[in-house]
Amino acid sequence: MNRVAAAVVSIAMLVATASPVLRKPWDDGFPLSPYAMFAFRRPTKLSMEYPLGITASGGRRYLAPWIVGSGEVLQALRVIARAKEARTLPALCATIAGRIAPLDEYRDVASIRIVTGTHDAVDFLVRDQLGMEQERARCEVRR
Amino acid sequence: MSEAKQPSWISRWWFAPAPAERLAAVRIVIGMFALAWILIRIREGYAVAQLPAENFRPTGVVRILEAPLDPELSLAISIATAVLLAAFVVGFRFRVLAPLAAVALLWTLTYRNSWGMIFHTENLLVLHVIALACAPAADAWAIDRRPERPATTGYGWVIKLLVALTALTYVLAAIAKLRIAGMAWIDGEQLRNQIAVDNLRKALLGDSIAPLATQFLDHPSGFTVFSILTLVFELGAPIALVGPRLAKLWALTAWGFHVGVVMLMNIWFLYPLLGVAFIAVLPAERPFAWLIGWWRRRAGMPGT
């Protein structure tokens with residue numbers, strides 16, 4: 001490799017890496033990204049779908065993302081959102097119930113609810129204030 | 001006799017010499033990280049590849065697919081990627097296998113990012129491996145026979161390219177903030193809200209929230225300071241190219257920034273957190289040289 005080839009490789013890589021700046025910031029890609037993930041204005045109020053484990057006494061337990069289908073929180077959220085779009089939340093609920101049934105750590109969970117919850121993030125995290133929840137699907141955990 | 005043309009200052013700067021051993025050490029460290037990353041995530045990648053097809057949102061090179069691959073094929077590609085990365089680390093048939101390892105890594109990680117959520121923890125790793133695969137990064141400390149003569153381009157330009165790629169990704173993050181929010185981003189409210197919402201999502205999905213999130217969310221004024229520091233640090237990333245001292249100082253700041261991200265968002269950018277993303281700013285060959293010297297002395301072998 002001579003200097004010209006090395007310069008071409010260098011320039012090509014740097015230009016490619018910088019190229020997302022020419023796209024809309026929300027037009028993300030991999031591995032060429034505009035890295036806009038923390039750039040957007042967002043309110044502290046958030047609505048999202050998530051599963052809840054309900055104990056026999058009515059207590060609530062949050063379920064780990066891998067039980068939904070991915071160890072990554074955001075990917076797990078997309079799985080639930082897509083199931084909602086496809087109207088397959090009851091099937092996802094049954095899948096989640098099947099996954100937790102053999103797990104000791106969720107032995108006290110008797111049923112699963114998939115809900116749409118709307119919470120203020122600061123109130124929820126700092127003041128333990130729960131927002132509104134609407135049930136989208138419910139199923140029993142069979143053991 | 002005509003006088004030889006002097007290289008421009010930019011050429012002298014970009015092609016400033018560096019030892020082959022430094023680039024080799026960088027290859028070994030980055031390659032080992034990539035190998036470990038693929039191996040550790042292989043099971044999760046297989047699980048994700050089994051998600052219903054409606055979750056498949058191809059990005060980057062994976063856009064050539066109209067439907068997801070068979071999960072077993074996806075697993076086989078991940079395993080092949082690991083094998084190629086092992087060859088990359090030890091410098092075996094580097095000219096042929098290193099580009100293949102880079103392409104395989106690009107494919108495997110892009111495929112994992114094609115399931116509804118693009119993560120930003122792996123981008124720089126892929127870019128670094130591609131850059132190393134295009135360079136004479138196995139001229140030292142490799143199974144391949146050492147070339148009779150050092151590369152005519154030297155080895156410093158590759159080191160500089162790795163640092164430039166690292167710096168560029170941070171500058172891009174700052175540009176995105178300024179393009180979308182403008183200077184309003186530094187009022188702290190946006191950062192605070194991002195942190196609050198990210199932690200809320202984690203809490204609702206049964207994941208751990210960040211250790212300092214609730215304390216800081218209760219005192220929002222601190223986020224103005226964090227926001228200003230973030231923009232200064234990101235826009236100032238190119239100082240890492242000015243000289244070794246500034247590069248180390250910036251790398252240390254970047255590491256601190258990522259520790260802050262863990263403390264406030266519980267997001268683990270392991271590549272920078274373990275220092276691997278910044279290895280090119282360090283004399284990475286020294287610990288390897290020491291280790292090799294120690295081993296040779298122990299084995300009673302003559303010095304290098």
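Chain naming here is simple, since letters A, B, ... match the order of the sequence lines and numbering starts at 1 in each.
When heavy atoms are compared at a cutoff of 4.5 Å, A:L63 approaches chain B solely by way of its backbone atoms N, CA, C and O. Contacts between B:A151 and chain A at a heavy-atom distance below 4.5 Å are absent for every atom of the residue. Both the backbone and the side chain of A:A18 have a heavy atom closer than 4.5 Å to some heavy atom of chain B. Proximity to chain B (any heavy atom under 4.5 Å) is shown, for A:R61, by neither the backbone nor the side chain. In this structure, chain A has no heavy atom under 4.5 Å from any part of B:S114. For B:W185, the part lying near chain A is the side chain, with the backbone staying farther off; criterion is any non-hydrogen pair under 4.5 Å. Contacts between A:R60 and chain B at a heavy-atom distance below 4.5 Å are absent for every atom of the residue. Heavy atoms of B:I175 lying under 4.5 Å from chain A belong exclusively to its side chain. At a 4.5 Å heavy-atom cutoff, the contact between A:M48 and chain B is made by side-chain atoms alone. For chain A, no part of B:Q215 is nearby; none of its heavy atoms comes within less than 4.5 Å. Interface remark: B:I267 contributes side-chain atoms only to the contact with chain A (heavy atom separation under 4.5 Å).
In terms of heavy-atom pairs under 4.5 angstrom with chain A, the leader among B:H120, B:K177, B:E44 is B:H120. For the options A:A64, A:A6, A:A5, A:G71, heavy-atom pairs under 4.5 Å to chain B are most numerous at A:A6. The candidate from B:A173, B:G60, B:A135 with the greatest count of non-hydrogen atom pairs under 4.5 Å with chain A is B:A173. Per-residue heavy-atom pair counts under 4.5 Å with chain A were compared for B:L217, B:I118, B:V62, B:T214, and the maximum is reached by B:I118. Counting heavy-atom pairs closer than 4.5 Å to chain B, the top-ranked of the candidates A:L46, A:V9, A:D28, A:I80 is A:D28. Per-residue counts of heavy-atom pairs under 4.5 Å with chain A were compared for B:E189, B:R192, B:R179; the largest is that of B:R179. Top candidate by heavy-atom pairs under 4.5 Å with chain B, chosen from A:H119, A:R127, A:E72, A:K45, is A:E72. Counting heavy-atom pairs closer than 4.5 Å to chain A, the top residue among B:T59, B:I209, B:L168, B:V126 is B:L168. Here B:R112 is the residue among B:R112, B:R63, B:Q50 with the most heavy-atom pairs under 4.5 Å with chain A.
A:P20 and A:P34 get closest at one heavy-atom pair: CB-N, 3.5 Å. Contact record, B:G116 with A:R78: O-NH1, 2.7 Å, taken as the closest heavy-atom pair.
Each of A:I54, A:L52, A:I100 was checked for a side-chain contact (heavy atoms from CB on, under 4.5 Å) with A:I112, and the lone residue meeting it is A:I100. Between B:H128 and the options B:L124, B:I130, B:L125, a side-chain contact (heavy atoms from CB on, under 4.5 Å) holds for only B:L124.
B:C134 is linked by a disulfide (SG to SG under 2.5 Å) to nothing, counting only residues two or more places apart in sequence or in another chain.
In terms of modelled atom types and a separation under 3.5 Å, the side chain of B:K202 and the main chain of B:M265 share a donor-acceptor contact. Of the possible polar contacts, one joining the B:Q194 side chain to the A:F40 backbone as a donor-acceptor pair under 3.5 Å is found.
The local environment of CH2 in B:W13 is crowded, with over 12 non-hydrogen atoms from other residues, nucleotides or ligands closer than 6.0 Å. The local environment of CZ in A:R23 is crowded, with over 12 non-hydrogen atoms from other residues, nucleotides or ligands closer than 6.0 Å.
Put simply, the side chain of B:L264 does not reach to within 4.5 Å of the side chain of B:L191, judged on heavy atoms. Residues B:W107 and B:T81 fail the side-chain proximity criterion, which asks for heavy atoms closer than 4.5 Å.
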From CA spacing to verdict: ring pair (Phe, Tyr, Trp, His ring centres under 6.0 Å), B:Y170, B:H258: CA-CA 12 Å; B:Y170 288 95; B:H258 283 287; 5.8 Å; yes

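In this pair, A:F124 and A:Y62 present their aromatic rings perpendicular. The plane angle is above 60°, beyond the 30 to 60° band.
Side-chain contact of A:S10 with B:W14: a donor-acceptor pair under 3.5 Å is present, judged by distance alone. Side-chain atoms of A:S111 and A:E140 include no donor-acceptor pair closer than 3.5 Å.
When the heavy atoms of residues 159-166 of chain B are compared with those of chain A, the residues falling under 4.5 Å are B:L161, B:A164, B:L165, listed by number.
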